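Here the structure comes first, spelled out in structure tokens, and everything after it is commentary.
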Amino acid sequence: QLQLVESGGGLVQPGGSLRLSCAASGFTLDEYTIGWFRQAPGKEREGVSCVRSSDGSTYYADSVKGRFTISRDNAKNTVYLQMNSLKPEDTAVYYCAAEPPIITVRAMCEAPGRYEFDYWGQGTQVTISS
């Protein structure tokens, strides 16, 4: 069974940190462009960060640059999103997605909200509140 599973969400205070994980089963993440997306209630899906192993490229939305870092552990077939200096506006459900690497990181992260990628996880809730 091919699937992505996110974990690591939770409730943290502003200024805190979280590390999200996106683990794949049934396929190898290293062979895909991987993206982290988020969706807050009443808002469109937003591309947060994307990575492509074939050329080492990464992409970050302006809203998270300098605060979030995407990385991967090929041995664990997992992609991470380290989130620091969290703000209330980071509150959302975070999803990871995988798409064949023909897609660039910019194209994936800037894809319209209705675009359906090949694989999606079920999401993990991130809440930033004091």
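Numbers here simply count residues along the sequence, with the first being 1. Just the heavy atoms: all of them, side chains too, but no hydrogens, waters or symmetry mates, feed the values below. This is a predicted model, so every value here is computed, not measured.
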[Y] backbone acceptor or donor facing [X] side chain under 3.5 Å:
X: N77; Y: A24; answer: yes
X: S85; Y: G15; answer: no
X: E99; Y: D118; answer: yes
X: T124; Y: G9; answer: yes
X: Q122; Y: E6; answer: yes
X: Q39; Y: K43; answer: yes

Does NZ or CZ of R38 lie under 6.0 Å from the centre of the six-membered ring of Y94, at an angle within 45° of the ring axis? no
Here's one to test your reading of the geometry: is the NZ or CZ of R45 within 45 degrees of the ring axis of F37 and under 6.0 Å from its centre?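 Ring-cation test returns yes.
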Flag the pair W36 / F68 as yes when their ring centroid distance falls below 6.0 Å, and as no otherwise. no
Can we call the ring centroids of Y119 and F117 under 6.0 Å apart?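 Centroid separation for Y119 and F117: 6.0 Å or greater.
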Can you confirm whether more than 12 heavy atoms, excluding those of E44, are under 6.0 Å from its CD atom? no
Does the pair T33 and V51 meet the rule for a side chain to side chain contact (heavy atoms under 4.5 Å, CB included), with working shown? CA-CA 6 Å; T33 301; V51 61; over 6 Å; no
When hydrophobic residues are tied together by side-chain contacts of less than 4.5 Å, even through go-betweens, does [X] share a cluster with [Y]?
X: M108; Y: V79; answer: no
X: Y115; Y: Y95; answer: yes
X: V93; Y: L20; answer: no
X: I102; Y: Y59; answer: no

So that I can tick it off, tell me whether D90 and K87 are bridged by a salt bridge, with the cut-off set at under 4.0 angstrom between side-chain N and carboxylate O. no
Between [Y] and [X], is there a side-chain heavy-atom distance shorter than 4.5 Å?
X: L4; Y: Y32; answer: no
X: T58; Y: V105; answer: no
X: E46; Y: S63; answer: yes
X: S71; Y: Q82; answer: no
X: L18; Y: L86; answer: yes

Any idea which heavy atoms bring [X] and [Y] closest together, and the distance?
X: A61; Y: G47; answer: CB-O, 3.4 Å
X: C50; Y: G35; answer: SG-CA, 3.6 Å
X: R52; Y: I103; answer: NH1-O, 3.2 Å

Could you list the residues that satisfy side chain to side chain contact (heavy atoms under 4.5 Å, CB included) with [X], not counting sequence neighbours?
X: T127; answer: L11, T91, Q125, S129
X: E31; answer: T28
X: S49; answer: Y60, I70, L81

For side chain to side chain contact (heavy atoms under 4.5 Å, CB included), just list the numbers for T104 and D55, CA-CA rounded to whole Å, side-chain angles, deciding distance to a tenth of an Å, and then say yes or no. CA-CA 10 Å; T104 67; D55 60 2; over 6 Å; no
Side chains of S53 and R72, donor plus acceptor under 3.5 Å: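 Yes, because at least one side-chain N or O of S53 sits under 3.5 Å from a partner of the opposite role on R72.
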